[in-house]
Protein chains: 2
Amino acid sequence: MPFRPTQITGNNAEKTKAHNRRVVLGYLRGRDAGRAEVARATGLSTQTVSNLVAELAREGLVAPQGRRAQARGQPPVVYGFNPTSAAILGFEVRPDALTMVLTDLGGKILTTGHTWLTQTDPAHVLGQMAMLAGQAATLAPRILGAGLVIPGPFGATGLNAASATALPDWVPSEIPALAESALALPVWLDKDATAAALAEGMFGAAKGAQTYAFLYFGAGLGLGIIDQGQPLRGAFGNAGELGHIVSHPNGLPCDCGNNGCLEQYVSRLAVQRHLIARGLLPADGHGTDAVLTALLARDDAALSAWVDTAAEALSRAIGMLENLFDPQYTILGGALPDALLDLLIARLALPPGSVAHQTGRDRPRVLRGTSGRLTAALGAAALVIHHTVTPRIAAYRIE
Amino acid sequence: MPFRPTQITGNNAEKTKAHNRRVVLGYLRGRDAGRAEVARATGLSTQTVSNLVAELAREGLVAPQGRRAQARGQPPVVYGFNPTSAAILGFEVRPDALTMVLTDLGGKILTTGHTWLTQTDPAHVLGQMAMLAGQAATLAPRILGAGLVIPGPFGATGLNAASATALPDWVPSEIPALAESALALPVWLDKDATAAALAEGMFGAAKGAQTYAFLYFGAGLGLGIIDQGQPLRGAFGNAGELGHIVSHPNGLPCDCGNNGCLEQYVSRLAVQRHLIARGLLPADGHGTDAVLTALLARDDAALSAWVDTAAEALSRAIGMLENLFDPQYTILGGALPDALLDLLIARLALPPGSVAHQTGRDRPRVLRGTSGRLTAALGAAALVIHHTVTPRIAAYRIE
DNA sequence: CCCCTTAACTCAAAATGATGGAATAAAGTA
DNA sequence: TACTTTATTCCATCATTTTGAGTTAAGGGG
C-alpha cells in the first residue's frame with residue numbers, strides 16, 4: 001500500500017527489532033557472512049545479530065554454511081540466505097489477462113499461471129487469483145506473501161484518455177486489504193514498472209545496485225526509478241510516466257492530447273504499427289514476437305529503419321533520465337524480444353552532456369533486463385521480498 | 001553528508017528515541033497541538049509523547065500555548081513550535097562569492113553576510129566562513145548548526161566542461177567534517193537546488209507539501225526534487241541536472257557537448273545573452289536585475305520575445321517533470337526577479353498529456369518561489385532543520 | 001608441542017526507552 | 001450535583017539492545 005502516505009509514525013522496541021531483522025536479512029541476502037561481520041557492517045552488537053540470525057535460521061530464511069577459517073582467531077560460522085526456504089506469489093493484472101508466477105526467494109520460477117479476463121472488476125479478478133494461488137500452493141510448503149502489479153496511472157489524470165490499459169475500479173488504497181482476505185496472505189501492490197524495476201535490482205541486471213532506472217516496455221513505455229534502494233513514487237503514485245513525455249515537438253499526435261509523445265516512437269505498439277503499415281504484420285498485431293524474431297534474424301531493412309528512429313529518440317530520453325536521476329545505469333526490459341532490445345542498445349548514441357558520462361565507469365550506461373515476458377509478474381513477486389527484507393523509513397500510515 | 005550511502009545500519013533504543021523526537025517535533029512544526037493529539041497522530045503512547053515534549057520544552061524548541069477547550073473533557077495544553085528559540089546558519093559557496101544567512105528556526109532572516117572569494121580552496125573558504133559566523137554569533141544566543149550548499153555536479157562527469165561553476169576541490173564526503181571543526185557546529189552539506197527545494201517546502205511556496213519539484217535559476221538551471229519528504233539524490237549526488245537535458249534537438253550548442261540544452265533557452269545566462277545581443281545590457285551583464293525590472297515595467301518587446309521562447313521550452317520541460325516525478329506542484333525560484341518569474345509562469349502553456357493535469361486540483365500546477373536572491377543560502381539553513389526535524393531512513397553510514 | 005594471541009561466540013546482568021493500567025485533573029452535560 | 005469525557009501523570013512492566021565477563025577455536029612463535 002505505497003500510495004498517499006500521510007504521516008510518519010513513531011518507533012518502539014518491536015519496530016526496532018523488525019527493522020534490525022530486515023537489516024540483517026538484507027545483508028545476508030547480499031552475501032554470505034559470519035555473525036561478527038554482520039555486526040560490524042550493521043553497527044549492531046554481536047549479541048543482537050546472534051539473536052536475530054538464530055531466529056532467521058529457525059525460520060529457515062538463512063542457514064549456516066559451515067565454518068570458514070580466514071586468518072587467526074576462531075573461524076566464523078558463515079550464514080547464507082536460503083532462497084528455497086519459502087515461496088512468493090506475483091500477479092500481474094492487465095485489462096485482458098491475469099498472469100501469475102510462483103518463485104522461490106531467489107526469484108527462481110517454480111510455476112506460472114495465466115487466465116484471460118472478461119471482466120476487470122476487483123471482485124472477479126481476485127476470485128481468479130485465489131484459484132490460481134490455490135493450484136500453486138500445492139507446490140510450495142510455505143508462501144510468504146503475494147505481490148500485485150497493475151498498470152498506471154492512478155486517478156483521473158490527463159493521461160486517462162490515452163490509458164485504455166488502466167484499471168479504473170482498482171483503487172490502490174483498497175486493493176491490498178481485499179486481496180489479503182481473498183488470498184489469506186500479506187499482499188503488496190505497486191505499479192508494473194516500479195515492481196519490475198525492483199525485481200531487476202533484486203534478481204537481474206541491476207543486482208546489488210541501489211540507484212537505477214528501469215525502462216519498461218509494456219503496452220506503452222513505463223519507467224521505474226529506484227533511488228537509494230527506494231522506489232520513487234510521486235505525490236499520487238504516478239511517477240515514471242515516461243511514455244508521454246514529448247520527444248518530438250509537433251510530432252505524431254497521441255491520445256493523451258500531446259504531440260510527439262515518446263511512446264509513439266519507442267514502444268511495442270510503435271514497432272507493431274510500423275510493421276503493420278508495411279504489411280509485415282497482420283493488422284491485429286497477432287504473432288508480433290515471432291515476426292520480430294524472424295525479421296531480426298534476416299536483418300530486415302524496414303525493422304532496422306524503425307530501430308534507427310527509436311534509438312535516436314531513446315538516446316535523448318536516456319540522456320535526460322541520466323541528468324535527472326543520476327542512476328548507476330539504465331536498464332531496458334519488458335515485452336520486447338531480447339534480440340530487439342539488444343539491437344536498440346547497440347544503436348544508441350548517448351549524449352555526451354550527461355552526468356552519467358564519467359571516467360572510470362565499471363559497467364555500460366545502459367543494460368538489458370534479464371527477465372523477459374514475465375518481467376511484471378516477477379516484479380510483483382519481488383515486492384514481497386522488498387517489503388520483507390528492505391529496511392524502510394518509519395512505516396507510513398495510510399488514511 | 002548525503003552522498004554515497006553504503007550501508008543501512010541497525011537501530012537501538014537511543015536511535016529510536018531520536019527518531020520519535022523528530023517525529024514529535026516535526027508534527028508540532030506543522031501545527032500546534034496537545035500531547036494527546038500528537039500521540040494519536042504518531043501512533044506513540046501519550047506517555048512517550050509527554051516525555052519527549054517535556055524534553056523539547058526544556059530546550060525551548062516547543063512551548064505551551066495555553067489550554068484550549070474544544071469539546072468535553074479536560075482541555076489539552078496546546079504546544080507549539082517556538083521558532084525564535086534558536087538560530088541556524090546557512091552558507092552558499094559559489095566560485096566567486098560566499099553568502100551567509102542567519103535565520104531563526106522559522107526561516108526568518110536575522111542577519112546576512114557576504115564575501116567575495118579570490119581563492120576557492122576549502123581551507124580558505126572555511127576560514128572566511130568562520131569569520132562571518134563569528135560576527136553572526138553575537139546576534140543569536142544559540143546556534144543549532146550550519147548548512148552548506150555548493151553548486152553541482154560532483155565528480156568527473158560529462159558536464160564538467162560546462163561547469164565553470166563547479167568547485168573541484170570540494171569533495172562532498174570530506175567537507176562536513178572540515179566545516180564542523182572550523183565552525184564548531186554540526187554541519188550538513190548539499191547541493192544548491194536540493195537545499196533550496198527543502199527551504200521552499202519548509203518556509204515557502206510548498207509549505208507542508210511532501211512531494212514537489214523546485215526549478216532553481218542559478219547561473220544555469222538546476223532542479224531539486226522532493227519525494228515523500230526526502231530529496232532525490234541519485235547514485236553520485238548529481239540528480240536534478242535539468243539544465244543539460246536536450247530541449248531543442250539540433251539547437252544551440254552547449255559547452256557540455258550537447259546541442260539544444262534547456263539552459264541555453266531558459267536561464268539567467270540565456271536572458272542576459274539575449275539582452276546583450278540586442279544592446280539592452282552591457283556585455284559583462286552588469287546590472288541585470290535592474291535592467292530586467294525596467295524592461296518588465298515598460299513591457300519591452302525584446303524581453304517579451306525571450307519570455308515567449310523560454311515559456312515554450314519551459315512548458316514542455318515542466319510537462320516532462322510532471323510525468324516523471326508526479327509532484328504536487330512545480331515551483332520556480334532563484335536568481336531571477338519575481339516579476340520575470342511571474343511573467344514566465346503566466347505565459348506557460350502546459351501540455352494536457354500529464355499526470356498533473358487532473359480534476360480537482362486545489363492549487364495551480366506551477367507556483368513561484370518566495371525566497372528570491374537568498375534562496376540558496378536559505379536552503380542551506382533549511383538543511384539544518386531538515387536533519388533536525390525530519391525523520392529519516394535508518395542512518396546511512398559513509399565510508 | 002606448548003603457550004600466546006586473535007577472533008568468534010555465548011551467557012547473564014544492566015540499561016534504555018516505550019507501553020499499559022490506575023489515578024487524577026478539568027472541562028462539559030444532564 | 002453527579003456523570004461523562006478527555007487530557008495528563010505516576011508507576012510498574014515489557015521488549016530489546018548493549019555491556020562485560022567468560023568460553024571456544026583457530027593460527028603463530030619458540
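We name chains A, B, ... by the order of the sequence lines, and we start the count at 1 in each one.
- Qualifying side-chain hydrogen bond (donor to acceptor under 3.5 Å, both in side chains) partners for Ser181(B), counting only residues two or more places apart in sequence or in other chains: none.
- In this structure, Arg68(B) places its CZ atom 13 Å from P of dT8(D), rounding to the nearest Å.
- Nucleotide dC14(D) holds its C1' atom 17 Å from the CG atom of Asn11(A), rounded to whole Å.
- Partners of Arg363(B) according to the side-chain hydrogen bond (donor to acceptor under 3.5 Å, both in side chains) rule, which considers only residues two or more places apart in sequence or in another chain, are Tyr329(B).
- Base contact: Thr48(B) has a heavy atom under 4.0 Å from a base atom.
- Note: NZ (Lys17(B)) to P (dT18(D)) measures 16 Å, nearest angstrom.
- Distances shorter than 4.0 Å separate none of the side-chain N or O atoms of Arg40(B) from OP1 or OP2 on dT6(D).
- Side-chain contact annotation: Tyr212(B) with Glu200(B), donor-acceptor N/O pair under 3.5 Å absent.
- Spacing between atom CG of Leu52(B) and atom P of dT8(D) amounts to 14 Å, rounded to whole angstrom units.
- The side-chain hydrogen bond (donor to acceptor under 3.5 Å, both in side chains) check on Asp104(A) picks up nothing, with sequence neighbours excluded.
- Residues that satisfy the salt bridge (charged side-chain N to carboxylate O under 4.0 Å, His left out) test with Glu14(A), not counting sequence neighbours, are absent from this structure.
- Not a single salt bridge (charged side-chain N to carboxylate O under 4.0 Å, His left out) links Glu174(B) to another residue, sequence neighbours left out.
- With sequence neighbours excluded, no residue forms a side-chain hydrogen bond (donor to acceptor under 3.5 Å, both in side chains) with Arg29(A).
- At a threshold of 4.0 angstrom between heavy atoms, the contacts of Asn20(B) are confined to the sugar-phosphate backbone, with no base atom among them.
- Comparing Ser50(A) and Ala13(A), the nucleotide of DNA chain C nearest to each residue sits closer to the 5' end for Ser50(A).
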Which letter, B, S or -, goes with each nucleotide of nucleotides 20-30 of chain D from 5' to 3', with contact meaning a protein heavy atom under 4.0 Å? ----BBBBS--
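- With sequence neighbours excluded, the residues satisfying side chain to side chain contact (heavy atoms under 4.5 Å, CB included) with Ala133(A) are Leu89(A), Phe91(A), Leu183(A).
- Side-chain N/O atoms of Glu55(A) and Asn51(A) include no donor and acceptor closer than 3.5 Å.
- Across all strands, Ser45(A) comes closer than 4.0 Å to base atoms (heavy-atom distances).
- Taking a heavy-atom distance under 4.0 Å as the criterion, the stretch of DNA chain C touched by chain B extends 5' to 3' from dT16(C) to dT29(C).
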